[in-house]
*Asks:* 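Starting off with a structure, shown below.
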Amino acid sequence: MRASKKSRSAEKTRNSSGETHISGAEGLFNSSDIQKIAKNFIERALHHERGTPDTIVITIESIQESQRKISSLPLSTLRCHFPSESKHFIQKILRFLGISARAIQAADRIIQHGNMRGASILHEKTARRLEHNKMRGVRVSRFGIHKTAGKKLGMQLSRLGIHTDTVTEALILASKVASCSGVVAELCVSDDPHYTTGYIASEKLGYLRIPKIKRKGSRAGGRVFFVKDGTDASSLAHYLERVPVLITHIAPCRKTVTIDEIQDRHNK
Ligand code: AMP
């Protein structure tokens, strides 16, 4: 699903297509669930905090290829109280994962600018942008979760008090992204002005939720995938956009962790 709004004035136009991105959603579902899911996506588009769209596009495709089966990333939540603290932690964690200061700054600029439908792909050292369409970015699609795994995940998230569509979908998406060999880490900040929990996801540290990643009311937001030298951006985009991936195994979901606990655990 893709929902957008035509910008009324040149000043409000955030990209050269004259459109403001309102909301998007995708997934892999059983055909028997299509009507329910489509209704849910339309509701989401119509009641998004970013405004009321004037266009909603829903595409439904039948997928015949077999799905690659993967595990979800282990989830935890970083103890973090203010946006200034989260900024400091994000830099620390991304540096710990080997990402250059230059690439971290570039990611921050992309997220502050916002209004992309998809994600940017950044070289982890040089900060070069590798996605072909820099206005749209790469839109991860064709990711889903097996019914049994979905129930297990739901139970774990409920115990932590975070069983929402937002957390579930973001974890599934991030697990697909982290399953690409070239991807070192993903940084995500929601563009919903009222949703202030973002995340850093990586094969090494798992899916780390970061509360207070931005101040309430901010319209900044976006996703950045940091990739290793030599990653072929076209093959990566093909995998992310076209290859069906299904979560069939659930890694543990833990409660709050401190920045020191993360570093201690991984320095051993
Ligand atoms: P959201 O978490 O839905 O608030 O999205 C935050 C930002 O992530 C959006 O503004 C997009 O730039 C990006 N994004 C959302 N969905 C996807 C997706 N499926 N694939 C890649 N990037 C996405």
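When a ligand or atom number is given, it counts from 1 through the structure's own listing order.
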*Asks:* Can you name the nearest heavy-atom pair linking His249 to Ala149, along with the distance?
*Replies:* N-CB, 4.4 Å

*Asks:* Distance check, rounded to the nearest 0.5 Å: Lys176 atom NZ versus Arg142 atom CZ?
*Replies:* 8.0 Å

*Asks:* Heavy-atom count check: over 12 atoms from other residues, nucleotides or ligands less than 6.0 Å from Gln35 CD?
*Replies:*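 It does not: Gln35 CD has 12 such atoms or fewer within range.
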
*Asks:* Which part of Glu26 is near ligand 1, with near meaning a heavy atom under 4.0 Å away: side chain, backbone, both or neither?
*Replies:*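 Looking at Glu26 and ligand 1, just side chain atoms fall under 4.0 Å.
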
*Asks:* Is it true that Val224 and Met135 fall in one hydrophobic cluster, defined by side-chain heavy atoms closer than 4.5 Å?
*Replies:* no

*Asks:* Using a 6.0 Å cut-off, check whether atom NZ of Lys134 has over 12 heavy atoms from anything other than its own residue.
*Replies:*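 Yes, the 6.0 Å shell around NZ holds more than 12 heavy atoms from other groups.
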
*Asks:* Taking atom CZ of Arg129 as the centre, report whether more than 12 heavy atoms of other residues, nucleotides or ligands fall under 6.0 Å from it.
*Replies:* yes

*Asks:* Just jot down the ligand 1 atoms closer than 4.0 angstrom to any heavy atom of Leu173, in number order.
*Replies:* 18 (C), 19 (N)

*Asks:* If we only count N/O pairs under 3.5 Å, is Val140 in contact with ligand 1?
*Replies:*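 Among all N and O atoms of Val140, at least one is under 3.5 Å from an N or O of ligand 1.
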
*Asks:* So, regarding Met116 and ligand 1 (criterion: nitrogen or oxygen to nitrogen or oxygen, under 3.5 Å), is there a contact or not?
*Replies:* yes

*Asks:* Which one holds for Val189 and ligand 1: side chain close, backbone close, both close, or neither close, with close meaning a heavy atom under 4.0 Å?
*Replies:*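 Backbone only.
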
*Asks:* Write down the atom of Ile22, the atom of Ala45, and the distance for their closest heavy-atom approach.
*Replies:*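 For Ile22 versus Ala45, the nearest heavy atoms are CG2-O, 4.3 Å.
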
*Asks:* Could you list which atoms of ligand 1 come closer than 4.0 Å to a heavy atom of Val138?
*Replies:*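 Counting from 1, the qualifying ligand atoms are 20 (N), 21 (C), 22 (N).
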
*Asks:* Looking only at distances, can you tell me whether any N or O atom of Gly118, backbone or side chain, sits closer than 3.5 Å to an N or O atom of ligand 1?
*Replies:*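 The answer is yes, given that Gly118 and ligand 1 share an N or O pair closer than 3.5 Å.
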
*Asks:* Hey, any chance Val243 and Ile145 share a hydrophobic cluster, counting ILVMFWY side chains that come within less than 4.5 Å of each other, even indirectly?
*Replies:* yes

*Asks:* Nearest protein heavy atom to atom 5 (O) of ligand 1, by residue and atom, and its distance?
*Replies:*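 The closest heavy atom on the protein side is Arg223 NH1, 3.4 Å.
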
*Asks:* With salt bridge (Lys or Arg N to Asp or Glu O under 4.0 Å) as the test, would you mind laying out the steps for Glu241 and Arg136 before giving the verdict?
*Replies:* CA-CA 13 Å; Glu241 295 182 335; Arg136 174 186 181 272; 3.3 Å; yes

*Asks:* Between Thr166 and ligand 1, which residue portion shows a heavy-atom distance shorter than 4.0 Å: side chain, backbone, both, or neither?
*Replies:*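 Near ligand 1, Thr166 shows nothing, with every heavy atom at 4.0 Å or more.
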
*Asks:* Report the nearest protein non-hydrogen atom to atom 10 (O) of ligand 1: residue, atom name, distance rounded to 0.1 Å.
*Replies:*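 Nearest protein contact, heavy atoms only, for atom 10 (O) of ligand 1 is Asp191 OD2, 2.4 Å.
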
*Asks:* Where is the nearest protein heavy atom to atom 16 (N) of ligand 1: which residue, which atom, and how far?
*Replies:*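 The closest one turns out to be Arg139 NH1, 3.2 Å.
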
*Asks:* N/O of Ser190 under 3.5 Å from N/O of ligand 1, yes or no?
*Replies:* yes

*Asks:* Heavy-atom contact under 4.0 Å between Gly222 and ligand 1?
*Replies:* yes

